[in-house]
Amino acid sequence: MAKKHHVTTTVNGDECDFLCEPQQTLLDCLRDELMLSGTKEGCATGDCGACTVMVDGVMVCSCLVLGVEVDGANIDTIEGMPRTMNSTAAAPFPGAQRPAMRDLHAGHSDCRPRTARAQSRPDRDRNRYWLAGNLCRCTGYDKIIRSVQAAAKEMRGNA
Ligand code: FES
């Protein structure tokens with residue numbers, strides 16, 4: 001049995017630590033050790049984007065990162081996005097995005113981490129840029145893009 005490593009990190013603004021096997025991915029650590037199930041596993045090979053999280057402000061596929069690699073890092077998952085994203089000028093989602101996604105039938109959780117990075121005044125090209133690397137398996141991309149734009153409009157007071 002492999003020796004477990006002690007990892008200390010910040011997840012969604014909260015300091016935390018966990019034990020993980022050397023080969024355990026960040027995705028598995030988030031889901032199995034920290035019980036943050038918002039990050040999904042799709043392909044487990046870095047192709048679908050379902051496992052996207054932010055590590056020190058950089059978007060990564062958590063299935064391709066080892067848990068031991070994030071020791072000392074700041075991690076943002078979809079669970080923390082309403083708090084972390086609302087605190088910046090850059091993206092007020094997904095708090096306002098959820099009703100828009102529901103209303104436009106664009107509700108698939110795997111895409112939210114990437115669409116949540118959209119700007120507060122998004123245009124279609126910027127939305128598509130942030131959605132790149134996420135393979136949608138249920139809704140199709142246009143509904144997601146429209147929901148991001150609708151949420152941004154709502155956040156601006158329909159201006
Ligand atoms: Fe990580 Fe698909 S599960 S990219």
Side-chain angles (χ1 to χ4, degrees), residues 2-85 88 90-95 97-98 100-102 104-119 122 124-149 151:
K3 179 182 173 207
K4 289 198 171 191
H5 292 261
H6 180 233
V7 176
T8 301
T9 185
T10 301
V11 179
N12 300 326
D14 296 324
E15 289 184 21
C16 67
D17 54 357
F18 56 88
L19 296 175
C20 70
E21 307 276 349
Q23 76 282 4
Q24 202 170 3
T25 66
L26 173 58
L27 171 63
D28 289 339
C29 292
L30 290 169
R31 293 182 58 85
D32 300 338
E33 308 301 332
L34 299 176
M35 305 306 156
L36 294 171
S37 59
T39 304
K40 308 297 185 191
E41 180 176 302
C43 64
T45 56
D47 294 314
C48 74
C51 65
T52 301
V53 298
M54 306 291 287
V55 176
D56 289 335
V58 177
M59 209 180 289
V60 302
C61 294
S62 61
C63 70
L64 300 181
V65 177
L66 293 174
V68 295
E69 293 181 284
V70 299
D71 192 33
N74 291 306
I75 300 166
D76 292 308
T77 70
I78 189 65
E79 287 92 346
M81 291 262 174
R83 179 175 53 183
T84 58
M85 302 312 286
T88 70
F93 307 122
Q97 190 176 347
R98 280 194 214 108
M101 292 186 88
R102 181 195 60 226
L104 293 167
H105 308 287
H108 192 275
S109 59
D110 294 355
C111 302
R112 283 186 295 153
R114 287 180 182 267
T115 56
R117 292 298 302 168
Q119 299 291 318
R124 291 182 71 83
D125 289 342
R126 183 166 293 278
N127 289 162
R128 289 186 183 282
Y129 171 81
W130 285 113
L131 196 58
N134 190 292
L135 302 179
C136 181
R137 295 159 295 172
C138 58
T139 309
Y141 303 102
D142 283 340
K143 290 178 181 175
I144 296 168
I145 299 299
R146 286 201 310 265
S147 74
V148 171
Q149 293 178 313

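Both counts, for ligands and for their atoms, begin at 1 and track the order of listing. Please read all numbers here as calculations on a predicted model, not as lab measurements.
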Ligand 1 contact on Asp47 by region, counting heavy-atom pairs under 4.0 Å: backbone
Qualifying residue, where the test is side chain to side chain contact (heavy atoms under 4.5 Å, CB included) with Asp56 and the options are Ile75, Asn74, Val70: Asn74
Sub-4.0 Å atoms of ligand 1 with respect to non-hydrogen atoms of Cys48: 2 (Fe), 3 (S), 4 (S)
Under 4.0 Å to a heavy atom of Ala44 - the qualifying atoms of ligand 1, by number: 2 (Fe), 3 (S)
Whether Cys63 has an N, O or S atom under 2.8 Å from atom 2 (Fe) of ligand 1: no
Residue pair Val11 / Leu36, side-chain heavy-atom distance below 4.5 Å: yes
Between CG on residue Asp76 and OG1 on residue Thr52, distance to nearest 0.5 Å: 13.0 Å
Per-atom contacts of ligand 1 with Cys51, taking only distances under 4.0 Å to non-hydrogen atoms: 1 (Fe), 3 (S), 4 (S)
Numbering as shown, the atoms of ligand 1 that approach Cys43 to under 4.0 Å (heavy-atom distance): 2 (Fe), 3 (S), 4 (S)
Min side-chain heavy-atom separation Arg31-Ser37 under 4.5 Å: yes
Flag if over 12 foreign heavy atoms under 6.0 Å of CD, Glu15: no
Spacing of SG belonging to Cys43 relative to CG belonging to Leu64, to within rounding of 0.5 Å: 7.5 Å
Proximity winner for atom 4 (S) of ligand 1, if only heavy atoms of Ser62, Gly49, Gly42 are counted: Gly49
Numbered atoms and elements of ligand 1 in range of Gly46, under 4.0 angstrom, heavy atoms: 4 (S)
